[in-house]
Amino acid sequence: MNLHHLLNARAAAGKPVRVALIGAGKFGSMFLSQVPHTPGLEVPVIIDIDRDRGREACRTVGWDQALIARTTFTDDGMRAIADSAVDVVVEATGNPAVGIRHARAAIAAGKHVVMVNVEADVLAGPLLAQEARKAGVVYSLAYGDQPALTAEMVDWARATGFRVVAAGKGTKYLPAYHDVTPDGVWSHYGLTAGEAQSAGMNPQMFNSFLDGTKSAIEMAAIANACGLDVPSDGLLFPPCGVDDLPHVMRPRDKGGVLEKAGLAEVVSSLERDGRPVFRDLRWGVYVVLEAPNDYAADCFKQYGLKTDASGRYAAMYKPYHLIGLELNISILSAALRNEPTGQPHDFRGDVAAVAKRNLRAGEMLDGEGGYTVWGKLMRASKSLAAGALPIGLAHRVKLKNDVAHGAVVRWSDVEVDESNDTIKTRRAMETAFSTRR
């Protein structure tokens with residue numbers, strides 16, 4: 001609760017926290033909108049493959065011309081990372097291979113890394129975090145995004161002596177969404193293709209949220225950061241509103257839907273017949289906790305917490321997350337307190353590529369939210385044993401074998417270049433952390 005005080009001290013000393021932003025998309029733009037209103041925080045360099053997009057993002061969010069003129073816009077991420085004046089690197093490209101490359105370069109240069117790129121984090125984050133710890137810098141999940149917000153709630157629950165039964169987020173989900181492609185995505189958001197295009201919305205990116213891939217990625221990040229397990233056969237997405245969290249999100253032997261306590265799970269804002277859930281958590285995050293004794297359970301009742309019928313299970317939640325508008329918390333936590341806002345310590349959850357339709361040998365996979373595959377959450381041990389292809393590597397790779405609709409794509413099904421740096425990093429992560437399972 002002292003970040004603002006610490007930042008004021010840095011500002012008064014003439015030593016602002018200086019950030020290199022990589023990726024001037026929606027998340028990056030939301031962060032940039034807060035920079036002029038945060039004395040002591042500066043962004044001297046913005047990196048994007050389209051330099052003009054970076055400038056336009058600054059204009060759009062309200063930067064004045066003087067601030068824009070003081071800012072360097074470049075497409076050379078490695079050179080910007082090496083700048084001795086930069087304290088923190090924010091990786092917000094969304095590209096797993098690029099994100100891993102930038103993170104390793106930043107760590108090697110002695111810079112803190114805030115990994116907005118959760119796709120990269122799930123592909124190799126445990127290894128990157130380990131490398132950062134050895135180098136004496138912070139590797140952090142991005143506050144404002146749901147994994148970091150959930151990790152904060154889990155930490156709060158455990159630090160106050162509660163057992164975490166379940167934690168995760170809400171989303172809009174129906175089983176049929178797994179097969180949706182970018183061609184059909186906008187109707188599910190209540191938009192026409194023209195409206196989405198005029199707003200600059202990327203259909204494949206938005207489809208990755210709808211088809212379940214992003215939920216799987218975020219739950220894997222939460223599991224790896226919080227030491228939680230993941231469901232044995234993928235996310236259940238049970239329909240559940242905030243008042244019912246303690247009842248639904250408890251173990252089956254206690255009357256809930258979970259196979260056991262201690263899981264990362266997503267709740268749906270839609271009933272299976274498409275009706276909206278009452279008081280849904282579509283935009284928020286939650287933690288379900290268990291009272292350790294009768295006295296604590298009595299306190300739940302005395303202070304008005306919603307509980308299950310036993311009174312032992314209760315929930316805390318945030319109804320919204322503000323994405324890049326909240327990113328300063330991660331940046332300042334790393335720079336001023338040398339602490340992450342969530343960081344993977346283990347490899348417990350993985351996300352495998354699953355065929356959206358019958359795929360044929362010779363076809364090219366097109367990654368998260370595309371036409372060919374969606375991402376399914378798996379236990380890491382199960383994913384490794386099955387030889388499942390991570391969704392973060394299902395980009396522009398050619399199938400060697402036919403893969404049936406709904407089947408997991410395996411490493412053996414695709415042409416693999418083992419000399420590729422991203423693949424080598426993933427293999428190194430698997431080797432380093434599989435022995436811990």
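The first residue in the sequence is number 1, and the count goes up from there. It should be emphasised that the depicted structure is a prediction, and the values quoted were computed from it without experimental measurement.
The side chain to side chain contact (heavy atoms under 4.5 Å, CB included) check on Lys424 picks up Asp421, with sequence neighbours excluded. Considering only residues two or more places apart in sequence or on other chains, Asp350 meets the side-chain hydrogen bond (donor to acceptor under 3.5 Å, both in side chains) condition with Ser383, Arg426. Partners of Tyr320 according to the ring pair (Phe, Tyr, Trp, His ring centres under 6.0 Å) rule, which considers only residues two or more places apart in sequence or in another chain, do not exist here. Remark: Asp75 pairs with Arg51 by the side chain to side chain contact (heavy atoms under 4.5 Å, CB included) rule, at least two apart or across chains. Ser215 meets the side chain to side chain contact (heavy atoms under 4.5 Å, CB included) test with Lys169, Thr171, Leu235, Phe237, Val266; sequence neighbours excluded. The side-chain hydrogen bond (donor to acceptor under 3.5 Å, both in side chains) check on Thr341 picks up Ser140, Ser330, with sequence neighbours excluded. Listed by chain and number, the residues in a side chain to side chain contact (heavy atoms under 4.5 Å, CB included) with Val277 are Pro239, Glu271, Asp280 (sequence neighbours excluded). With sequence neighbours excluded, no residue satisfies ring pair (Phe, Tyr, Trp, His ring centres under 6.0 Å) with Trp63. Under the rule for a side-chain hydrogen bond (donor to acceptor under 3.5 Å, both in side chains), the partners of Glu290 that lie at least two apart in sequence or sit in another chain are Arg163. Remark: Glu415 engages no residue in a side-chain hydrogen bond (donor to acceptor under 3.5 Å, both in side chains) (not counting sequence neighbours). Taking the ring pair (Phe, Tyr, Trp, His ring centres under 6.0 Å) definition, one finds that Phe73 meets it with nothing, sequence neighbours left out.
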For this session: Carefully, step by step, assess Arg55 and Asp50 under the rule salt bridge (charged side-chain N to carboxylate O under 4.0 Å, His left out).
Result: CA-CA 9 Å; Arg55 290 190 183 89; Asp50 182 351; over 6 Å; no

Problem set entry | Trace of the side-chain contact (heavy atoms from CB on, under 4.5 Å) decision for Met201 with Val185 | CA-CA 11 Å; Met201 300 166 72; Val185 66; over 6 Å; no

Exercise. Do Val113 and Val137 pass the side-chain contact (heavy atoms from CB on, under 4.5 Å) test, and can you show the C-alpha distance, the side-chain angles, and the key distance before you say yes or no?
Worked result: CA-CA 8 Å; Val113 179; Val137 296; 5.9 Å; no

For this session: Apply side-chain contact (heavy atoms from CB on, under 4.5 Å) to the pair Met219 and Leu263, showing each step before the final yes or no.
Result: CA-CA 9 Å; Met219 292 306 103; Leu263 293 183; over 6 Å; no

Problem set entry | Worked check of side-chain contact (heavy atoms from CB on, under 4.5 Å) between Phe347 and Leu384 | CA-CA 11 Å; Phe347 180 39; Leu384 295 181; 4.0 Å; yes

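Checked by atom type, the side-chain pair Thr213/Asp211 shows a donor-acceptor distance below 3.5 Å. Between the side chains of Ser232 and Glu259, at least one donor N or O sits under 3.5 Å from an acceptor N or O. No hydrogens or angles considered: nothing links the side chains of Glu131 and Tyr139 as a donor-acceptor pair under 3.5 Å.
Residues Leu141 and Pro340 fail the side-chain proximity criterion, which asks for heavy atoms closer than 4.5 Å. Residues Gln34 and Leu41 form no side-chain contact, since every pair of their non-hydrogen atoms from C-beta on lies 4.5 Å or further apart. The side-chain heavy atoms of Gln65 and Ile68, taken from C-beta on, include a pair separated by under 4.5 Å. By the 4.5 Å heavy-atom criterion applied to side chains, Leu128 and Arg104 are counted as neighbours. For the pair Val409 and Leu399, the minimum side-chain heavy-atom distance is below 4.5 Å. When side chains are defined from C-beta on, Glu42 does not count as touching Val19, because their heavy atoms never get closer than 4.5 Å. Trp411 has its side chain within reach of Pro390: a pair of non-hydrogen atoms, C-beta onward, lies under 4.5 Å apart. Cys240 has its side chain out of reach of Leu281: every pair of non-hydrogen atoms, C-beta onward, lies at least 4.5 Å apart.
Checking side-chain atoms of Gln343 against main-chain N and O of His345 turns up no donor-acceptor pair under 3.5 Å. Without hydrogens or angle criteria, Arg348 side chain to Ala380 main chain gives no donor-acceptor distance under 3.5 Å. Lys172 contributes a side-chain N or O that, together with a main-chain N or O of His188, makes up a donor-acceptor pair within less than 3.5 Å. Under a 3.5 Å cut-off, the side chain of Thr372 and the backbone N or O of Asp366 do form a donor-acceptor pair. In this structure, the side chain of Lys260 does not engage the main chain of Pro251 through any donor-acceptor pair within 3.5 Å. At distances below 3.5 Å, not a single donor-acceptor pair connects side-chain atoms of Arg427 with backbone N or O atoms of Glu418. Judged purely by atom type and a 3.5 angstrom limit, Asn420 uses its side chain to pair as donor or acceptor with the backbone of Thr422. The backbone N or O of Val180 lies less than 3.5 Å from a partner atom in the side chain of Asn207, making a donor-acceptor pair. Listed for the His112 side chain is a donor-acceptor partner under 3.5 Å among the backbone atoms of Val138. Arg360 places no side-chain N or O within 3.5 Å of a backbone atom of Asp402 that could act as its donor or acceptor partner.
Among pairs with a residue in residues 175-184, those fulfilling side chain to side chain donor-acceptor pair (under 3.5 Å) read Tyr173-His178, Asp179-His405, Asp183-Tyr371, at least two apart in sequence or across chains.
Within 6.0 Å of CD1 in Ile49 there are 12 or fewer heavy atoms belonging to other residues, nucleotides or ligands. A 6.0 Å sphere centred on NZ of Lys400 holds more than 12 heavy atoms belonging to other residues, nucleotides or ligands.
With rounding to the nearest 0.5 angstrom, the CD1 atom of Ile217 is 9.0 Å from the CZ atom of Phe209. A distance of 9.5 Å separates CG of Leu359 from CG of Asp413, quoted to the nearest 0.5 Å. Within the model, atoms CG of Leu258 and CG of Leu236 stand 7.5 Å from one another, a figure rounded to the nearest 0.5 Å. Atom CG of Leu123 and atom CE of Met429 lie 6.5 Å apart (nearest 0.5 Å). One finds the CD1 atom of Ile46 at 11.5 Å from the CD1 atom of Ile22 (value rounded to the nearest 0.5 Å). Distance CG/Leu210 to CH2/Trp374: 12.5 Å, rounded to 0.5 Å.
The pair Arg53-Glu56 fails the salt-bridge criterion, with no side-chain N (NZ, NE, NH1 or NH2) lying under 4.0 Å from an Asp/Glu carboxylate O.
Of all non-hydrogen atoms in Ala388 and Val408, the two that sit nearest each other are CB-CG1, 3.7 Å.
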